[in-house]
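Read the numbers this way: they start at 1 and go in the same order the structure lists the ligands and their atoms. All of these numbers come straight from a predicted model, not from anything done at the bench.
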Amino acid sequence: MSKTLITGGAGYIGSHTAKTLAVRGRDVVILDNLSYGHRDFLKWGEFEEGDLADTAFLKDVFSRHDIEEVVHFAAFIAVGESVAEPRMYYENNVRNTLNLLGAMQDADVERIVFSSTAAVYGEPQTATLAEDHPLAPLSPYAWSKRMVEQVIRDYGEAYGLKSAILRYFNAAGADPAAEVGERHQPETHLIPLILHTALGIRESIKIFGTDYDTPDGTCLRDYIHVTDLSVAHALALEHLANGGESDIFNLGNGNGFSVREVIDMAREVTGGNIPVETTERRAGDSPALVSSSEKARNILGWQPQHADVRDIIETAWKWHQKDCR
Ligand code: UDP
């Protein structure tokens, strides 16, 4: 059977997608340099350890496996770091993606699902963001994703590359069976930091800004369960395999939760005392980022199964209790 290549498959969303695809009967090959990925997340499929900067390695991977489609996650993701080190971001996220696309073209692999981000929209002009919202990336990280989106679309026009570009809102939660979950080093994301506080690994959770123009003054985000995200990748691959048009899809639940609401829910789920410290706003944060994901529902038939923020926090809690033991 021909295989699905997953770059960055040892990372957070990549490993959940590897599980989802394997459960759906796909043969997967994971390509990861393990710079941020985790060896213990490699539980499904075959593993190729190497870097997208290495074109000879890429050529070799495509020659040894019968790959018919690619899901591309491998990228640096820290917004603040990208501002300080743009070269790292453009080289890793843009140049190395060009290497991947070149290797795909040389091997006649015509389908790609690309991991993009809601950060390509910049400051929201409307209460919810649809795919046709103007694009205004605010960081080299977001620009790197935006640039790759454009390259993929241009390759589609010129060379027939078929693509689904998936713009994620806030990925959160963990595999309900806790086989994989969220583990970043260093951790910067809200829900893991809250749960580390509940576990006593951190003393308090800082709320970045309480004077936003939102109901309780803290930022609103659209949290989407990582397993629901992974299923969207499977559906996008199937859409392209069945001859569906190249397209761009937002992935979120369409509901905004404030930082305080997330902390309150985590207190309920964990039963723990979660001390809070309020601090200044974090540079570059939008007051609210909430998706409209109607297109993914209508065209891909995507139906999030863990849309409840309690479910998201419960699965994350189960994972963190296991992972931080
Ligand atoms: N946040 C916070 N304290 C933290 C980490 C995050 O108040 O220690 C807030 C952050 O300002 C944003 C929300 O939580 O409004 C989600 O942040 P995260 O970094 O998880 O994801 P982002 O929205 O930046 O992609």
Are [X] and [Y] close enough that a side-chain donor and a side-chain acceptor fall under 3.5 Å?
X      : Y      : result
Asp228 : His306 : no
Tyr89  : Glu81  : yes
Thr97  : His72  : yes

Taking non-hydrogen atoms within less than 4.0 Å of ligand 1, which protein residues qualify? Asn170, Thr188, His189, Leu190, Leu193, Ile205, Lys206, Ile207, Phe208, Cys219, Arg221, Tyr223, Val259, Arg282, Asp285
Any ion pair linking Glu245 and Lys162 (charged N to carboxylate O, less than 4.0 Å)? no
Stepwise ring-ring contact (aromatic ring centres under 6.0 Å, His included) check, Phe41 with Trp319: CA-CA 13 Å; Phe41 284 12; Trp319 162 256; 5.7 Å; yes
Can you tell me if Lys3 has over 12 outside heavy atoms packed within less than 6.0 Å of its NZ? yes
